[in-house]
Amino acid sequence: MTNRAGVRTWLAAAIAAIFLLGLALVSVPGTGEPPPAGPAQPLGAPAPPTEADVRDADTRAAAVTDLLDRRAAALRDRDEQAFLATLDPEADEAFVTTQRELFDNLAGVPLDEWSYRLHPGDALDLTDLPDEAAAGADEVWAPGVDLRYALRGGDVVPTSRAMGYLFARHDDSWYLRSDTELDRLGRRTWRGPWDFAPCQVAATGHGIVLSHPGSEPMVERLVGELDSSVRAVSELWPTSWSERVVLMLPDSASEMRALVGAKDFPVDSVVAVAVADRVNNASREVTGQRVVLSPTGVRALSLTSLRVVLRHEITHVAARADTVDGSPTWLLEGFADYVGYRDSGVTLDEGAPDLMRQVRDDGPPGSLPEDRSFSSSGPELDRAYQESWSVARYIAAEYGEDTLIDLYRTLAAAGAVSARETDDLLRDVLGVDRAELVRGWQDYLLGALE
């Protein structure tokens, strides 16, 4: 993320969505007669499903799968009538309106894929669902559903997000009834930018900028910087990556929070953040990578600051597959800032004013920034990023850029390790432990004052 009093950038952690999964329950219709004799069941355990139950479940799953296939095809083909025909005729009017808006808002989004995947075994128990939620329906059902989509020009592979869909049956036909009723049961529908306003996409050689009408001046600036920022990152980062970037420019704080996926996300203090849906470090597959920009903060940046921000966040995108959770934040953020500021001409005094003021008044820091400092706010957070950048600058100046990259790849691949193991890794790459690294960094900062 980019947290700035000037240009300050912070960790774009891979934010994986966590969804509350319900239990799949099988209801056995009552007949008024005792069940046929069979193997004894534990006290209180439900009877095993009959062949008829299984057939009914299979029929229901097939019907809802067909419904979702028709919904996806109608959206891809821009067939509004077919799309609306998949909605429950007795659904809440507000839901129908938002679905019509969703269809319209996606008109300007080029899609390589838009489909749904049903998970019948992940159905919620709807016992506590209010009666009005099922009013008029012969049956309601809440299986797991994933939306699988890919943005043309940005996504190399599709990504998937969970949808909180409630389906209703009328006679033999199934429909989509709601995407909000399951909120109270802990299953929420993921919201994309098309859930907020009409979308427009501007393509470049290395990605896309997805925004809303009215953002054209900012989009023009982003389009002008995107390709050069990707090239700048690839020039330094040695590991192969897609070199495709999706920039998202939301219109509001609520939209930014939805795209990032954290309710308590500090929108007011963040200029940009790089996120991903899923990361598999073993296979090096990352899906749903996005750089989400602040609806207000990014517009206030100078051209130099914008370049720093984009290159910082794109560094996180490029290095994501090689970065394991728990890696030291001072190195992850310091390296991303190093790439961001590289060739910018920004000095330590200009880019790290709080740190250099401290060095003048009280001397250099006594230790490397701790991870907890990156979860703080205000001056402590700013100093943590300034210190991290200065450490990366020191390592590059003292040991060379190739060694800085080697150190990043070594520590980022190790993840959360002990202090002793960290010292061992530092010795392997730099030939010094943390204490010696800190002493060299302190001398570097003092030397910058001369």
Side-chain angles (χ1 to χ4, degrees), residues 1-15 260 262 264-275 294 297 301 305 308-309 311-313 315-316 319 323-342 344 346-397 404 407-408 411-412 414-417 419 422 426 434-435 437-446 448-449:
M1 274 184 287
T2 305
N3 178 303
R4 273 297 290 171
V7 182
R8 197 70 266 136
T9 324
W10 74 319
L11 175 64
I15 303 177
V260 173
D264 57 350
F265 186 75
V267 171
D268 294 338
S269 58
V270 171
V271 175
V273 56
V275 300
S294 164
L301 298 178
S305 297
V308 172
V309 167
R311 294 177 187 197
H312 177 111
E313 301 304 338
T315 299
H316 286 308
T323 305
V324 177
D325 286 348
S327 305
T329 308
W330 65 264
L331 182 59
L332 305 188
E333 288 307 313
F335 179 75
D337 255 356
Y338 178 83
V339 180
Y341 281 107
R342 186 174 181 256
S344 69
V346 175
T347 66
L348 276 175
D349 269 326
E350 294 167 337
D354 300 327
L355 169 62
M356 297 312 292
R357 189 178 304 113
Q358 174 191 330
V359 174
R360 287 188 185 91
D361 296 344
D362 304 312
S367 61
L368 298 171
E370 297 181 9
D371 284 356
R372 63 172 180 79
S373 297
F374 295 89
S375 300
S376 61
S377 60
E380 182 181 0
L381 180 61
D382 279 337
R383 277 197 304 273
Y385 282 101
Q386 292 175 25
E387 290 174 11
S388 296
W389 173 48
S390 69
V391 174
R393 276 182 62 127
Y394 161 65
I395 294 171
L404 173 62
L407 181 64
Y408 181 98
L411 291 185
V417 296
T422 300
L426 286 171
R434 276 176 305 153
L437 173 61
V438 168
R439 283 194 292 272
W441 170 46
Q442 292 171 329
D443 290 343
Y444 172 77
L445 291 175
L446 290 169
L449 297 179

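The shown structure was predicted, so the numbers you read here are calculated from the model rather than taken from an experiment.
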Side chain proximity check, [X] to [Y], heavy atoms < 4.5 angstrom:
X: S390; Y: L348; answer: yes
X: R372; Y: E380; answer: yes
X: P365; Y: Q358; answer: yes
X: L411; Y: P328; answer: yes
X: Y408; Y: T323; answer: yes
X: V391; Y: L331; answer: no
X: L368; Y: L437; answer: yes
X: W330; Y: E370; answer: no

Checklist entry - For R434, which residues count as a salt bridge (charged side-chain N to carboxylate O under 4.0 Å, His left out) partner, sequence neighbours excluded? => result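 Scan of R434 (salt bridge (charged side-chain N to carboxylate O under 4.0 Å, His left out), adjacent residues dropped) gives D423.
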Checklist entry - Who passes salt bridge (charged side-chain N to carboxylate O under 4.0 Å, His left out) against D349, sequence neighbours left out? => result R360
Checklist entry - Aromatic ring centroids of W389 and Y341 under 6.0 Å? => result yes
How long is the gap from [atom1] on [X] to [atom2] on [Y], to the nearest 0.5 Å?
X: R342; Y: R393; atom1: CZ; atom2: CZ; value: 12.5 Å
X: S327; Y: E333; atom1: OG; atom2: CD; value: 11.5 Å
X: L426; Y: I395; atom1: CG; atom2: CD1; value: 7.5 Å

Which heavy atom in [X] sits nearest to a heavy atom in [Y], and how many Å separate them?
X: A448; Y: M356; answer: CB-CE, 4.0 Å
X: V359; Y: P364; answer: CG2-CA, 4.0 Å
X: L404; Y: A396; answer: CD2-CB, 4.1 Å
X: P369; Y: E387; answer: CG-OE1, 3.3 Å
X: Y394; Y: G440; answer: OH-CA, 3.2 Å

Checklist entry - Between F374 and S388, is a side chain to side chain contact (heavy atoms under 4.5 Å, CB included) present by the stated rule, with each step listed? => result CA-CA 10 Å; F374 295 89; S388 296; 3.1 Å; yes
Checklist entry - What do the steps show when you test D337 against T315 for side chain to side chain contact (heavy atoms under 4.5 Å, CB included), and what is the final call? => result CA-CA 9 Å; D337 255 356; T315 299; over 6 Å; no
Checklist entry - Angle class for the H312/H316 ring planes (parallel below 30°, perpendicular above 60°, tilted otherwise)? => result perpendicular
Checklist entry - Between the side chain of S294 and the main-chain N/O of V271, is any donor-acceptor distance below 3.5 Å? => result no
Next on the checklist: Between Q386 and D354, is the side chain to side chain contact (heavy atoms under 4.5 Å, CB included) condition met? List the steps.
Outcome noted: CA-CA 8 Å; Q386 292 175 25; D354 300 327; 3.1 Å; yes
